[in-house]
Amino acid sequence: MARTLILGAGFAGIQTAIELDPLLPRDSAHEVLLVSDQNHFLFTPLMPQVVSSYINPRHFIQPIRDIRGRRRFRFRRDTVLSLDLPVRRALCLEGLLDFDYLVLALGSRTDYFNVPGAREHTWDFKTLEDAVVLRERLLDLAEHADHTSDAELRRRLLTFVVVGGGYTGVELITEMQDFLFHYVVPRFRGIAAADIRLLVLEATDQVLRGVHPHLARYSRRRLDAEGIEVRTSSAAVRCFPGGVELAGGAIIHAETVVWAAGVRAHPLVESLPGAHDRRGRACVNEHLQLPGYPQVFVVGDSAAALHAEQAPQIAPVAIDHGSLVARNIVALERGAPLDSFRYSPKGMLVSLGMNYAVVSIGRIRFSGYFAWLFWNAVHLWKLVGFKKQLQVALDWMLGSVFPRDASILRRPVRCRICAGGQAESSPPAPARSASASP
Ligand SMILES: Cc1cc2nc3c(=O)[nH]c(=O)nc-3n(C[C@H](O)[C@H](O)[C@H](O)COP(=O)(O)OP(=O)(O)OC[C@H]3O[C@@H](n4cnc5c(N)ncnc54)[C@H](O)[C@@H]3O)c2cc1C
């Protein structure tokens, strides 16, 4: 019996499993085994809205057992530790798995670009756990700031820096702005709007690079109007407890610095034989095969299809990769010619917080409220399953009418500065998930 082993149940891995299943003949003994360390599929575009308490984190993750339904593919929750490609074997935490075809869909991890202190003193924004922890961090600091009589301290507690002005950083900071100004300020009597400071640090000369310049300018104006400080050409060169240093020596004091500056390939992908691009992604041929290993495919954020125009690390590319590889595995089995990957940009949608977004699809570009409605509609439509769509739609509706949920589920932690010492005790350690840590 042949076995296709798919490692990683994100956009690319799930797509491969779902598409491969029906392509195989009914009576085929071919087994499709999907292995991932999380037993749910995470729809990452909605993660910033967890931080602003706009949606409940459980409402947009999809248990893989539900996606599988009556499909034939099997799922195993396990963590892959290493690969032995010549003998076609993967070593997982819970045992060895042999394969005939391998699909590597392990996603990416945070890239700290070797900035000193970045890994230790910034907050990650890569996994659902990161988003949940960051939400509680915001509320926790607001609770501390609310009862301090020291204005300087209050401002420092309420200064939030996001490093990275790409779409993740921009969507995150606008959600934070929305939550802090429209929920926290009216409800925390000890906090005024002027106490809150939000900054985006971008190393290049513009935010949202890759978005059409007209829309990037619109976004910049929106960020300015929302009181978010955007510092372009401002690379973070050092991070420390309580702040960040910029190139040129300027220091920003902030109790929370979130790192959303870039990603690189999963360590297992970086250790694959053959060439890699500067982000550690495995260079694959036009069929997404690893050179020298025709039965090994690399997809999604892990793959650099160098023959084609460089595709960005986004969900639609991962989904296209998954579909292509499903077809190519069947073609390999039949001895038929393989399909090639061609990158065709599908457009760019960036939310700028409540009521604003920018949309670019082909030659059509628009911004503002209708773009925001469009952003909502597209993301609702893309969610897997009617139940999840309903839950998220209800969250959005209720969130527009009723107050957001500001409960903190974790036990209180001692605030590093409120406790009296300026830097003696460490802040609560940012959550590091398996996929985010090297
Ligand atoms: C906060 C955030 C917001 C984003 N917003 C957007 C957006 O709006 N639009 C967009 O197009 N893209 C967005 N992206 C990018 C998009 O999520 C990625 O491009 C996409 O997820 C890549 O798909 P993938 O299948 O390659 O990897 P992933 O979806 O990351 O899946 C990788 C899978 O591998 C699993 N895994 C990792 N290590 C192991 C291991 N050792 N063993 C077993 N399993 C493992 C992981 O748990 C995960 O299930 C966003 C990303 C983030 C982090």
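Since we're looking at a predicted model, the values are computed, not measured. Order of appearance sets the numbers: ligands from 1, and atoms from 1 within every ligand. Numbering starts at 1 and runs along the sequence shown.
Annotation: the span from Ile329 atom CD1 to Leu324 atom CG amounts to 10.0 Å, rounded to 0.5 Å. The distance from the CZ atom of Arg137 to the OG1 atom of Thr256 is 4.0 Å, given to the nearest 0.5 Å.
For the pair Glu171 and ligand 1, the shortest N or O to N or O distance does not fall below 3.5 Å. Checked by distance only, ligand 1 and Ser36 come closer than 3.5 Å through their nitrogen or oxygen atoms. The distance criterion of under 3.5 Å between nitrogen or oxygen atoms is met by His266 with respect to ligand 1. Between Gly8 and ligand 1, not a single N/O pair is under 3.5 Å apart. Ligand 1 has no N or O atom lying under 3.5 Å from any N or O atom of His379, backbone or side chain. Considering backbone and side-chain atoms together, Val80 places an N or O closer than 3.5 Å to an N or O of ligand 1. In terms of polar-atom proximity, defined here as any N/O pair under 3.5 Å, Ala315 does make such a contact with ligand 1. Close N/O approach between Thr44 and ligand 1 is found [any backbone or side-chain N/O within under 3.5 Å].
Only one option out of Val162, Val257, Ile252 pairs with Leu201 in a side chain to side chain contact (heavy atoms under 4.5 Å, CB included); it is Ile252.
With ligand atoms numbered from 1 in the order given, ligand 1 contributes 11 (O) to contacts under 4.0 Å with heavy atoms of Pro316. Against a heavy-atom cut-off of under 4.0 Å, Pro45 is close to the following atoms of ligand 1: 5 (N), 6 (C), 7 (C), 8 (O), 9 (N). Counting the atoms of ligand 1 from 1 in the order shown, those under 4.0 Å from a heavy atom of Asp301 are 18 (C), 19 (O), 22 (C), 26 (O). Of all atoms in ligand 1, listed by their number and element, those nearer than 4.0 Å to a heavy atom of Gly300 are 26 (O). Of all atoms in ligand 1, listed by their number and element, those nearer than 4.0 Å to a heavy atom of Met47 are 1 (C). Shown in contact with Gly10 at under 4.0 Å from a heavy atom are these atoms of ligand 1, numbered in order with element: 25 (O), 28 (P), 29 (O), 31 (O), 33 (C), 49 (O).
At a heavy-atom cutoff of 4.0 Å, ligand 1 is contacted by no atom of Val263, backbone or side chain. Only the backbone of Gln313 comes within 4.0 Å of ligand 1, judged by heavy-atom distances. The proximity of Thr168 to ligand 1, defined as any non-hydrogen pair under 4.0 Å, is limited to the side chain. Under 4.0 Å from ligand 1, the heavy atoms of Ala105 that appear belong solely to its backbone.
The backbone N or O of Leu409 lies less than 3.5 Å from a partner atom in the side chain of Glu136, making a donor-acceptor pair. Using a distance-only test at 3.5 Å, with no hydrogens or angles considered, a donor-acceptor pair links the side chain of Gln289 to the main chain of Pro294.
Assignment of Leu7 to the shell around ligand 1 is not supported, since no heavy atom sits closer than 4.0 Å. In this structure, Leu172 falls outside the shell of residues with a heavy atom less than 4.0 angstrom from ligand 1. Using a 4.0 Å cutoff on heavy atoms, Tyr167 counts as a contact of ligand 1.
Centroid-to-centroid, the aromatic rings of Tyr54 and Phe179 stay 6.0 Å apart or farther. A ring-centre distance under 6.0 Å is found for Phe374 and Phe366.
In summary, Arg279 and Glu270 do not engage in a salt bridge, as defined by a charged side-chain N under 4.0 Å from a carboxylate O.
Side-chain atoms of Glu202 and Gln206 include no donor-acceptor pair closer than 3.5 Å. Using a 3.5 Å distance cut-off with no hydrogens or angles, the side chains of His287 and Asn328 do not pair a donor with an acceptor.
Contacts classified as ring pair (Phe, Tyr, Trp, His ring centres under 6.0 Å) and involving residues 86-106 (residues at least two apart or in different chains) are given here: His30-Tyr101.
Looking only at side-chain heavy atoms (C-beta outward), Trp259 and Thr110 come within less than 4.5 Å of each other.
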